Structure formats: C-alpha cells, structure tokens
Amino acid sequence: MARPITLITGASRGIGAATARLLARQGHDLALNYRHDGAAAEVLAEELRSLGARALCVAADVGEPAQVEVLFARIDAELGRLSGLVNNAGVVAPAAPVAEMAPERIERVLRINVLGSFLCAQQAVRRMSRARGGAGGAIVNVSSRAAQLGAPGVYVDYAASKGAIDSFTLGLAKEVIGEGIRVNGVRPGIIATDIHASGGMAGAPLAAALAAVPSGRIGKPEEVAEAIAWLLSPAASYTVGAMLDVAGGR
Ligand code: NAP
C-alpha cells in the first residue's frame, strides 16, 4: 500500500507538530508548512525521518494565494500526490473588545484563519478529486470551541473566523464527498500551546476560561492530534462534515 501523503499547515509547533508526530508513527509521509520558524520545522522533520517518514518543510503564509500555490507545487514535485490536508495554521490577536479592534487586525485574523483554509482546501481538492483524475482523500479543518462560545471581550474576531470554518467544513464536505474527499473538523478547547502567549488569552483571561473547563485541566496537543488522525483515517470512512469537540467538556 502506498503511504498517505499529508500536508499539515502551521506544523512547526503546537497542535500541528503533535499531529505530524502521530501521523508519522501511523505511516504518513508529511509536508510541514510553517510561516517563520524554519529551524523548528527542520528539527521536527528530522525526528519524523527517524520514524521512517519522508518529511518536506515548506515556508508559506497560507493567507497569500501565490505562496499557497508554491507550497502545493513543491509537494507535487518533491513528495507526490497529496492524500490528506490538515488546515491547522491559525492566529489570534491580543485580547480586546470588538469596539477597539483595528480593521487591520480583523483582516489579518480572517485572512490567515479563513482565507488560508479556503486556499489550501482548493488546492487539495484539485489534486484529490476523483472527478479531476485524483484518487480521493481527506481534509480536517481545525476550528475552535470559541466558534460556539464567542470569546466576548477577548477575541470575537477569532471566534468568528472559526465559526466560518465550521460552515466551510459543512459546505465543502457536502460539495466534494461525491468526488471521494471526506471533509471534517475538530474544535479544540484550551490546549497547552504557544498560541496563548502569542496573543489573545494569556494571563487572567486564560485562568478564567480554564476555571470553566469541566475536566478541570488544560488539554494537550497530542489529544487533539488523536482526533485529527482518526478523522483522516479510513476508520472514519462514514464520517462526513462532522465537527469533533476536543475540549474537556467545555
Ligand atoms: P501555535 O502553537 O501558535 O502554532 C501556530 C502554527 O501556525 C505555527 O506553526 C505557525 O508557524 C503557524 N502559522 C501561523 N501563521 C501562519 C501563516 N500565516 N501561514 C502558515 N503558518 C502559520 O498554535 P496552536 O495552538 O497549535 O493552534 C493550531 C490551530 O489550533 C489553530 O488553528 C488554532 O486556532 C487552533 N486552536 C488552538 C487552541 C489552543 O488552545 N491552542 C484552541 C482552539 C483552536 P510559525 O511559528 O513558523 O510562524
């Protein structure tokens, strides 16, 4: 059996890196996309190679159409026919009420989180679709519990971007299942990654949000990776357009 070839966007750290490690152990070859931290991506790639996977690191801002085209062209040339996509790259901005959000901030969050996921899914569908000569595949979009909680006073722009991802997942899933492509999503809760320090919910807002987690603890990136890997796998063959909450009951 050919090894699956899977692209993970935003794979240099956090949930993306944990997913790469798990998929490599499950027999995938991997394209690791990142934006800035090429050194971290290369260290991860070496680790995956030691597990027997092929690993290709590609810098690209997923919110820039020309860079996304180059990302997929490199996968075509250096890895082969894509069979899986994890739309994981995402950003938050520092906590702020909606009334104080600069237009540039809102545009950036929507461009990376929403446009980026659309652009990568477009390229993936063109390669996977049986109607276009492909061999089928699976896409997992990484949303957030914030999509349904709204994140008031903290990052409503981010929550709205993830709400868009939920609708996108449902619509695309129905659009392409007849072409052999399964599309699903995960909604992580509060997960221990650097995203909190890089913006949004550091400090007091994070502590307050954690107090409302029924499981009583923060989640691990590896726990989200398990859900993503299952949705990508043939074990999820009849799961289409689903959103799986990985949020400790929040
Ligand atoms: P993270 O630790 O901040 O990592 C983000 C990754 O995305 C990094 O590899 C970063 O690469 C990459 N990235 C950022 N902007 C990019 C761009 N424009 N193009 C390509 N790559 C880009 O984040 P995380 O917590 O693992 O989050 C991963 C996903 O889970 C995101 O979609 C996030 O919204 C979602 N999520 C996270 C949580 C949580 O609590 N952690 C909860 C719900 C949902 P560089 O470092 O190279 O820039």
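Atoms considered below: every heavy atom in the structure, side chains included; atoms not considered: hydrogens, waters and symmetry mates. Just so it is clear, the structure is predicted and the values come from calculations on it, not from any experiment. Ligands are counted one by one from 1 in listed order, and the atoms in each one are counted from 1 as well.
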Under 4.0 Å, heavy atoms only, figure out whether ligand 1 is touched by the backbone of Arg145, its side chain, both or neither.
neither
Mind checking whether Ala60 has a heavy atom under 4.0 Å from ligand 1?
yes
Taking the non-hydrogen atoms of Glu64, is any one of them nearer than 4.0 angstrom to ligand 1?
no
Determine whether the side chain, the backbone, both or neither of Ala41 has a heavy atom under 4.0 Å from any heavy atom of ligand 1.
neither
Is there a side-chain contact between Arg21 and Glu47 (heavy atoms, below 4.5 Å)?
yes
Working for salt bridge (Lys or Arg N to Asp or Glu O under 4.0 Å), residues Asp76 and Arg127
CA-CA 9 Å; Asp76 293 342; Arg127 287 159 175 80; 2.9 Å; yes
Measure the distance from atom 17 (C) of ligand 1 to every protein heavy atom, then report the residue, atom name and distance (to 0.1 Å) of the closest one.
Arg35 CD, 3.7 Å
For residues Ile112 and Val62, determine if any side-chain heavy atom of one lies less than 4.5 Å from a side-chain heavy atom of the other.
yes
Answer with yes or no whether the side chains of Ser143 and Asp166 bring together a donor and an acceptor at under 3.5 Å.
yes
Which is it for Ile112 and ligand 1 at heavy atoms under 4.0 Å: side chain, backbone, both or neither?
side chain
Between Asp37 and Ser12, the two heavy atoms sitting closest are O-CB, 3.9 Å
Give the residue and atom name of whichever protein heavy atom lies nearest to atom 26 (O) of ligand 1, and the separation in Å to one decimal.
Ile15 N, 2.8 Å
Suppose we measure from atom 46 (O) of ligand 1 to each protein heavy atom; which comes out shortest, and what is that distance?
Ser12 OG, 3.4 Å
Would you say Asp61 touches ligand 1, if touching means a heavy atom closer than 4.0 Å?
yes
Which part of Val92 is near ligand 1, with near meaning a heavy atom under 4.0 Å away: side chain, backbone, both or neither?
neither
Does ligand 1 have an atom that lies less than 4.0 angstrom from a heavy atom of Arg187?
no
Return yes when Gly189 approaches ligand 1 closer than 4.0 angstrom through a heavy atom, no otherwise.
yes
Does the N or O separation between Thr193 and ligand 1 drop below 3.5 Å for any pair?
yes
Per-residue contact class, Ala11 against ligand 1 - non-hydrogen pairs under 4.0 Å
backbone
Taking the side chain as C-beta and beyond, is there a heavy-atom pair between Val114 and Phe168 under 4.5 Å?
no
Would you mind checking which non-hydrogen protein atom is closest to atom 4 (O) of ligand 1, with the distance to 0.1 Å?
Arg13 NE, 3.2 Å
